[in-house]
Amino acid sequence: MGLLSKIQDAFNRDKAPGKAASALEVDVHSHMLPGIDDGAKTLDDTLDMIERTSRFGIRKIITTPHIMYEFYRNTPDIIRQKLEFVQEAVKERGMDVELEAAAEYYLDDAFIQMVKNKEPLLTFGDNYVLIETNYIQSHPELLQVFFDLRIQGYKPVFAHPERYAYLLRNRAKETLEAYQRIYDSGALFQLNLMSFAGYYGPQIKNTAELLLKEGMIHMVGSDAHKVEHVRLINAMKQTKLFERITAADLLNNTL
Ligand SMILES: [Fe+2]
């Protein structure tokens with residue numbers, strides 16, 4: 001990060017509400033609604049994931065089903081109905097966790113059209129919209145879409161930037177420059193706890209740690225699709241790395 005961005009960043013962050021430095025209370029990215037994407041399959045899976053997540057110390061789960069034209073044509077109505085169904089089950093079981101839903105929008109033609117048509121998008125927190133892209137190929141309209149969303153008053157959140165092969169270069173310095181271009185567009189960076197845990201391999205773990213070290217991280221999410229993912233994240237809780245992650249000035253606990 002350049003010196004000027006660092007100063008601007010520190011200034012902006014100073015105004016953010018305070019939070020406990022050692023805990024993570026809100027998960028902003030997961031696939032816990034049953035049967036509507038590649039996440040939880042049944043209500044039992046869902047409740048198991050929620051229960052284990054809350055045991056980790058999370059008080060609010062903002063779950064984010066995929067909206068991806070080719071595979072998961074979810075709509076706000078589908079997501080809201082599923083959310084209400086799960087909220088009811090959570091209440092019946094007396095589980096002490098708040099459940100909200102937004103979406104993880106995949107950057108495809110359908111999403112670009114949605115933005116052009118100014119269709120209302122599913123958001124969380126302070127008008128945040130979670131967006132992912134293809135892992136291998138960069139999308140020529142990424143920065144334009146972030147710009148258009150900001151014009152419309154949304155705050156784009158780039159889902160798991162550490163996972164995109166198209167941003168990696170041979171040298172760390174060049175990789176950072178590729179990230180810096182996106183960071184400077186004003187999109188917020190949401191990193192995956194599973195990346196830090198090494199779930200997607202050493203290269204993605206290293207990239208996540210590089211972004212953390214450079215302060216290019218605004219929030220973290222589990223991106224849990226199944227119970228095993230929650231277990232893996234829970235196992236991280238006592239690690240030094242988790243301490244470093246939560247010591248970063250994350251927006252999670254303000255949500
Ligand atoms: Fe996801």
Side-chain angles (χ1 to χ4, degrees), residues 24 26-41 45-46 48-50 52-53 56 58 60-76 78-79 82-83 86 99-108 110-111 114 121-125 128-137 139 142 145-146 149 154-167 182 187-201 204-205 207-208 211 217-234 236 245 250-252 255:
L24 185 69
V26 181
D27 184 9
V28 302
H29 183 166
S30 68
H31 302 269
M32 298 200 194
L33 297 184
I36 59 170
D37 65 4
D38 55 347
K41 289 191 171 59
D45 292 343
T46 300
D48 196 4
M49 289 170 81
I50 293 175
R52 285 170 197 272
T53 302
F56 183 68
I58 299 283
K60 188 198 271 189
I61 297 169
I62 300 163
T63 195
T64 48
H66 288 290
I67 295 185
M68 189 188 266
Y69 191 78
E70 286 248 346
F71 298 105
Y72 312 109
R73 290 188 195 172
N74 284 315
T75 63
I78 293 173
I79 292 172
K82 231 5 140 175
L83 173 68
V86 174
L99 186 67
E100 278 184 19
E104 181 178 19
Y105 290 96
Y106 183 79
L107 181 53
D108 54 19
F111 181 64
M114 235 184 262
L121 302 175
L122 286 167
T123 63
F124 63 96
Y128 299 121
V129 179
L130 187 66
I131 297 153
E132 67 168 343
T133 70
N134 185 287
Y135 289 119
I136 311 296
Q137 249 187 334
H139 195 296
L142 178 66
V145 167
F146 287 161
L149 285 169
Y154 292 112
K155 292 178 183 159
V157 176
F158 194 28
H160 39 64
E162 72 280 8
R163 294 190 64 188
Y164 303 113
Y166 64 82
L167 287 169
I182 299 176
L188 304 178
F189 280 16
Q190 176 264 306
L191 275 69
N192 278 3
L193 290 173
M194 288 208 294
S195 301
F196 288 108
Y199 181 76
Y200 315 105
I204 291 172
K205 179 178 166 65
T207 308
L211 293 174
I217 177 170
H218 297 95
M219 39 184 110
V220 292
S222 67
D223 203 2
H225 284 66
K226 48 187 175 182
V227 173
E228 288 70 40
H229 294 166
V230 181
R231 278 213 196 103
L232 183 78
I233 290 164
N234 286 3
M236 276 185 78
I245 296 165
L250 302 175
L251 290 167
N252 288 68
L255 299 168

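Both ligands and their constituent atoms are indexed starting at 1 by order of listing.
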Handout entry: Ring centroid separation H66 to Y106 under 6.0 Å
Key = no

* **D37 and K82 ion-paired at < 4.0 Å** => no

Exercise for the section: Show your reasoning for whether ring-ring contact (aromatic ring centres under 6.0 Å, His included) applies to Y135 and Y200. Expected result: CA-CA 12 Å; Y135 289 119; Y200 315 105; 8.1 Å; no

Requested in this report: Decide yes or no for L142 and F158: does some side-chain heavy atom of the first lie under 4.5 Å from some side-chain heavy atom of the second?
Outcome: yes

Listed as residue and atom, the protein N/O/S atoms under 2.8 Å from the Fe ion (ligand 1) are H29 NE2, H31 NE2, E104 OE1, D223 OD1

Side-chain donor/acceptor of E162 to backbone N/O of L191, under 3.5 Å: no

Does any part of the side chain of V129, heavy atoms only, come nearer than 4.5 Å to the side chain of P156, both counted from C-beta? no

